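Shown next, in structure tokens, is the structure this report addresses.
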Number of protein chains: 2
Amino acid sequence: MRILLIEDERELAEALSAALGKHGIVADHTMHLADAVELTRQNIYDAILLDRRLPDGEGLSFIPELRRTGKDTPIIVLTAHNEPKERIEGLDLGADDYLGKPFLIEELMARLRAVLRRSPELTELKITAGRMVIDPLHLSVTVDAVPLDLPRRELLVLAALARRREKTVLRSTLEAAVYNYEEEIQSNALDAHISRLRKRLIDAGAGVAIHNIRGVGYLMKEE
Amino acid sequence: MRILLIEDERELAEALSAALGKHGIVADHTMHLADAVELTRQNIYDAILLDRRLPDGEGLSFIPELRRTGKDTPIIVLTAHNEPKERIEGLDLGADDYLGKPFLIEELMARLRAVLRRSPELTELKITAGRMVIDPLHLSVTVDAVPLDLPRRELLVLAALARRREKTVLRSTLEAAVYNYEEEIQSNALDAHISRLRKRLIDAGAGVAIHNIRGVGYLMKEE
DNA sequence: AGCTCCGCAATGCTGCCGCAACCCTTGTGG
DNA sequence: CCACAAGGGTTGCGGCAGCATTGCGGAGCT
């Protein structure tokens, strides 16, 4: 069994490689995303262990990149980014499991076994909708190349809708995109954001409309 | 989609059922392991959510019991026992994932999706019928790539029929797809859904027709 | 201080959906 | 070939849950 380990903390990587070795698993190790892409092109791995914060970018961006090449290798994300919201993000990007640091080697092994019992699927990442271009990493929006500045929460709602434009986005998904665990919500705050966002999108001539799907969620359509 | 929820905290169970319902998932709920065994014998579930501490024993013991009957239904363990050692124990017993309480509903949904992605026999990621593509996990339907928004219940009926297109679906199967056994029904509500659904499918040019098999159920055919 | 953001709640509105009434279709027996 | 029953189809109605909108006030920022 061979896996790919993408991790930039040398000490952890070495410990992991050693521990995996004792379980009869050969690990290729790289610290850079660019190398990882190349390695997956040349090799077939049974699984991939992926750190999020890497010297040359966000580890999660590797997932759609890999899926686009048609590979459905199971991926377990290993990271200190362990807020529920981040875990959801990772899983919905197509990761098969998500493990917060620090963790016990034995737990990683157990999750690896669980994941290897089956096999996964594909996803993508990138956002243009109507006349808008959204950069979800830098949290910016432009309409016909003109910057549009939105309140933070509205922007998060917008990005979540645009990411799945022409498809319904569950209400709960939107709530998860905007609020974390501690921020409980007791009112129709989300509805209020949608309402205000709609007005702004019309004013800016964004070329999209937000429709409601009763009992399910919302849907962004281009006009 | 139908899942089995084995959980003895009434309040949590109700909140979960409601949340799952909004995601188009019908949940049967029981508080006892003994009932759970019986229910899995009589029903086919797409996944099982399992609490550990239950009135009549340790929830984990249910896993080998279920596997012994040849079922490999995905199981997610929900529990306050969230020490690494306990998680390892659960995973190695054959659970597919392990989630500590308290958790965000949305994280559970994400993990559910991740787990279901790996079991192609039970749940196709996309269902194609006529000109339609149905994504039962995200509750969306498109006709020739144009989104079609349907009321939640009609969507569930449609998905159940499309999943077994060209084959007869028992009336009781359809009822099970839309209602759990707490939601009693006293009228021809299902017929009404079928009727309205037919109209919408014609309007949208979906390229399928729903036929009745008298005294048995319904059948979706491509045109 | 003056601004925006944003949660909250009041208000009015929309449309889902269970229900039941009525009609149509199919099957059976004489 | 008709009568009748039973199941299915269709439709309007009403209750009510969910949604849209908006003013208010607290919080945070400059």
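Chain identifiers are assigned alphabetically (A, B, ...) following the order of the sequence lines, protein sequences preceding nucleic acid strands; residue numbering begins at 1 within each chain. What you see is a predicted model; the values in this text were computed from it and never measured.
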Distance check needed: [N] [atom2] versus [X] [atom1], whole Å only.
X: Glu175(B); N: dG8(D); atom1: CD; atom2: P; answer: 10 Å
X: His211(A); N: dA20(D); atom1: NE2; atom2: C1'; answer: 15 Å
X: Leu156(B); N: dG18(C); atom1: CG; atom2: P; answer: 11 Å
X: Leu155(A); N: dT4(C); atom1: CG; atom2: C1'; answer: 16 Å
X: Leu158(B); N: dC17(C); atom1: CG; atom2: C1'; answer: 17 Å
X: Asp149(B); N: dT14(C); atom1: CG; atom2: P; answer: 17 Å
X: Asn212(B); N: dT10(D); atom1: CG; atom2: C1'; answer: 14 Å
X: Leu201(B); N: dT10(D); atom1: CG; atom2: P; answer: 12 Å

- Task: Hey, could you give me the CZ/CG distance between Phe62(B) and Leu54(B), rounded to the nearest 0.5 Å?
- Result: 10.0 Å

- base_contact_polar (dG12(D) base, Arg196(B) side chain, donor-acceptor, <3.5 Å): yes

- Starting from the C-alpha separation in whole Å, work towards a yes-or-no answer on salt bridge (Lys or Arg N to Asp or Glu O under 4.0 Å) for Arg171(B) and Asp191(B). CA-CA 10 Å; Arg171(B) 193 184 181 80; Asp191(B) 305 59; 2.5 Å; yes

If the cut-off is 4.0 Å, is [X] near the phosphate of [N], judged by side-chain N/O to OP1 or OP2?
X: Ser195(B); N: dG9(D); value: no
X: His193(A); N: dG7(C); value: yes
X: Ser187(A); N: dG7(C); value: no
X: Lys199(B); N: dT11(D); value: yes
X: Arg153(A); N: dG7(C); value: yes

Side chain to side chain, [X] and [Y], heavy atoms closer than 4.5 Å:
X: Val208(A); Y: Arg131(A); result: no
X: Tyr98(A); Y: Arg52(A); result: yes
X: Leu158(B); Y: Met132(B); result: yes

- Item | Salt bridge Arg200(B)-Glu154(B), side-chain N to carboxylate O under 4.0 Å | yes

- Message: Using the side-chain heavy atoms of Asp191(B), tell me which of these nucleotides is nearest: dC19(D), dT10(D), dC17(C).
- Response: dT10(D)

- Query: Looking at dG8(D), dT11(D), dC17(C), which one has an atom nearest to any side-chain atom of Tyr218(B)?
  - Reply: dG8(D)

Listing time: all N or O pairs from protein to nucleotides 10-13 of chain C that are below 3.5 Å?
unit_1	atom_1	unit_2	atom_2	d
dA10(C)	N6	Asn188(A)	ND2	3.3

- Task: List the steps, then state whether side-chain contact (heavy atoms from CB on, under 4.5 Å) holds for Leu108(A) with Leu49(A).
- Result: CA-CA 10 Å; Leu108(A) 172 60; Leu49(A) 304 182; 3.9 Å; yes

